[in-house]
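Read through the structure below, which is laid out as structure tokens, and then see the notes.
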Amino acid sequence: MYSTDHLDIPPLLSAAGTVRLPGSKSISNRVLLLAGLSEGTTVIHDLLDSDDTQVMLAGLRTLGCRVEAIDTETGFGSLSISGLGGRLDVREAALFLGNAGTAMRPLTAALAMLAATQNGCFELSGVARMHERPIGDLVDALRPLGCRIDYLGQPGFPPLKLLPGNEPLDLSVPIRVRGDVSSQFLTAMLLALPLLTADQPAVVEIDGELISKPYIEITLNLLARFGIKVQRDGWQRFVIPSGSRYQSPGSIHVEGDASSASYFVALGAIAATEQPLRIEGVGTDSIQGDLRFIEAARSMGAEVSGGAGWIEVRRGRWPLAAIDLDCNHIPDAAMTLAVMALYADGTTRLSHIASWRVKETDRIAAMATELRKLGASVVEGADFIEITPPTVWKAAAIHTYDDHRMAMCFSLAACNALAGQSPAVPVRILDPKCVGKTFPDYFETFFSVAHTRPEWIPVIAVDGPTASGKGTLAGVLSDKLGYHVLDSGVLYRATALAAIDARIDATDEPALAALAEGLDINFKGGVVRLGGEEVTSRLRQEDVGLLASRISALPQVRQALLRLQLSFRRLPGLVADGRDMGTVVFPDARLKVYLTASAEARAQRRFSQLATMGLSTTLEGLLADLQDRDARDQNRAVAPLKPAADAVLLDNSTLSIGSSTETLLNIWSQRSSFA
Ligand code: DC
């Protein structure tokens, strides 16, 4: 997950390949709650690991459910949950539910009923935005049953206090639930009512028109998997028969998130010009209503095929067709249509989307504001939005309002070159980590199937003599920007190490070049493997460094490592450190830094570094070695160490890493299109 302040997405040209989607948020949180309320143990496969499921899981644990990871290899993978079986173990608790509507609403209903019938007392709260999201209609539906619920802040909104009941709950009259603000109120009721229906039926009637019906279908479908067969009369009346009680299905699989699929369906419709974009984890057999997004994408021009557990998308009609669509049936995925509208041949109108205003943020207002920043013309109304594509696209910093869908949607604006924008512009996503709500690895997944010209991928080159602090600086810069990092010295060191192991002479240039060309090197989380073997600390040894310095003077070795170095230029960007990053390997780097420090300061740094590794040396010896190496690196015939003509020179003998970073990030931001 990118936890940077912002993420700059370079202009993109095409998309192809395969993505695997994380589990559906809607299914994950419903299944977690149902498993938590059932008797016995439920094993859940492919559960979504995200902010919203974490808060639900934490809530269930607090209530006394036993949660065990079954497969730690794949992160969350599979979990087993031992449910409460309808009995409260913990009678008093405070639950913090973040900004997860799919946790707040159903837990309110379930815990209000449990508190009333079993003398419990619970407080439910969330982040500030959660306290602005309505819950009054659900409370109004629960109170007539005899549930006692107090508002701890604003009436109608969380935080809430759920109290013991004064008398038995009364199911004799139908429960009335409002259907036109959020379908989650009805979902919450339906998920919780089986707590009360062991020997009496429960009847729910809807006031107003029920919105987002496909989400109710997911709820009914999952209740059926847990043994509850809800009878329904159109969308007006729902009956849970007497004798209904939760029965764990034993194990259950969570399908991929159909709303998350929408971003890749859209990407395919816009940019899968040659090969298809394949989406795995959700398919045409899905129980999620958001899959109907596909019909909308098709009507805009996408070519979509699919089967059980997969979808394939290609670009069809181009430009996309502008549409006028009632989006009541796909409230979440419809946001993706708003961004596809940027690539359409006229004005797109999306209507019946009033629920957008009470989601993670006021999504109509947010969408309108940010689309305008890109240059689009937007008209917004109480429950609709109209979008006309930009004539000239602008490089915009997109505010995401702590709303995962805003961040994911706007990644698609990076395809503007395909809409004829020239020069193409990048897109800046502010606070990209907000995707953690439902799809923590969204951007990594997006970049794995997005393609562009290498020269459009920004590079920061950091060159300088040994022990000047290049590696540390490159690491900090890449962390701040979310870029890949290339420590090119490691490639020379690895070649040297391989030469030592293979007993190749330091003067045998063709053999060394062949070794460099076929280097089987792999980097993962700071660990370097060579031919499968971990060599991270061996690479740092002085003898390896010295040999690296010698063989790096050989032209054929340098040439052999060139392609490997260029392959590190990947989306969304690269920070590369070495000796010739700015002069030879990436001469078009947007920022070139030449980092130096006095020989004494560098020798002292290396001395301390080696000391912490428990290796003993003398300062004098190190200083002499270092001066030797400087001379060799600077005087060799090919790619000698020297600043590029347009490099920023930085002597950090007396600068902290923090201040060096700040200086360079300032220069970087002045050079970006967003300045
Ligand atoms: O940065 P370092 O000490 O890990 O690099 C080891 C040797 O590799 C160094 O003495 C010079 C050589 N090198 C190079 O010639 N060109 C690069 N881009 C990086 C390193």
Side-chain angles (χ1 to χ4, degrees), residues 459-475 478 484-500 506 509 512-513 515-516 519 521 523 526 528 530 535-569 574-587 589 592-597 599 601-603 605-607 609-610 613 615 617 622-644 647 652:
V459 174
I460 300 180
V462 184
D463 289 307
T466 195
S468 59
K470 304 182 298 295
T472 311
L473 183 69
S478 70
H484 299 280
V485 66
L486 165 62
D487 174 354
S488 58
V490 164
L491 306 184
Y492 290 94
R493 287 171 181 268
T495 307
L497 183 60
I500 293 172
E509 187 167 355
L512 290 165
L515 205 58
L519 216 54
I521 192 163
F523 301 84
V528 189
L530 193 58
V535 293
T536 324
S537 59
R538 277 185 79 199
L539 288 175
R540 301 306 326 163
Q541 287 169 8
E542 283 302 286
D543 56 334
V544 175
L546 274 173
L547 182 61
S549 169
R550 287 181 62 193
I551 65 170
S552 66
L554 304 172
Q556 290 177 32
V557 172
R558 300 201 75 81
Q559 186 58 35
L561 287 176
L562 195 57
R563 207 165 27 140
L564 180 56
Q565 295 176 81
L566 291 173
S567 74
F568 279 78
R569 189 171 196 168
L574 174 67
V575 184
D577 81 76
R579 305 293 188 286
D580 60 345
M581 297 297 101
T583 49
V584 176
V585 182
F586 302 108
K592 298 174 189 175
V593 183
Y594 190 80
L595 191 68
T596 53
R602 290 187 282 129
R605 284 178 198 164
R606 172 76 27 107
F607 183 71
Q609 199 182 24
L610 292 175
M613 289 162 67
L615 301 171
T617 44
L622 275 176
L623 182 61
D625 273 358
L626 190 139
Q627 284 165 330
D628 222 34
R629 204 179 308 182
D630 282 358
R632 196 168 26 236
D633 290 349
Q634 283 160 357
N635 297 323
R636 68 185 176 215
V638 282
L641 170 64
K642 63 167 191 216
N652 72 356

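One-based numbering, in listed order, for ligands and for the atoms of each. We're numbering straight along the sequence, starting at 1.
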Point to revise | ligand 1 N/O within reach of Tyr492 N/O, cut-off under 3.5 Å | key: no
**Study point:** Residues Asp625 and Arg606 bridged, charged N to O under 4.0 Å
**Key:** no
Practice item. Would you mind listing which atoms of ligand 1 come within a distance below 4.0 Å of any non-hydrogen atom of Ser552? Key: 11 (C), 12 (C), 15 (O)
**Study point:** Closest to atom 16 (N) of ligand 1 among Lys470, Arg558, Arg550, Arg493 (heavy-atom distance)
**Key:** Arg558
Revision key, fill the gap. Atom 7 (C) of ligand 1 sits nearest the protein heavy atom Ala548 CB, 3.8 Å
Check your understanding: Mind checking whether Asp577 has an N or O less than 3.5 Å away from an N or O of ligand 1?
Key -> no
Study note, to complete from the structure: In ligand 1, the atoms that come under 4.0 Å of a heavy atom of Met581 are 18 (N)
Practice item. Record the part of Arg606 in heavy-atom contact with ligand 1 below 4.0 Å; permitted values are side chain, backbone, both and neither. Key: neither
Review point. For ligand 1, which atoms, with element, lie under 4.0 Å from some heavy atom of Asp633?
Key: 9 (C), 10 (O), 11 (C)
Point to revise | Option nearest atom 17 (C) of ligand 1 (shortest heavy-atom distance, choices Arg540, Arg632, Arg579) | key: Arg579
Check your understanding: Numbering the atoms of ligand 1 from 1, which are under 4.0 Å from a heavy atom of Arg629?
Key -> 3 (O), 10 (O)
**Study point:** Heavy atom of the protein closest to atom 19 (C) of ligand 1 (residue, atom name, distance)
**Key:** Ser488 OG, 3.4 Å
Practice item. Find all atoms of ligand 1 within a distance of less than 4.0 Å from any non-hydrogen atom belonging to Thr466, and give their numbers and elements. Key: 3 (O)
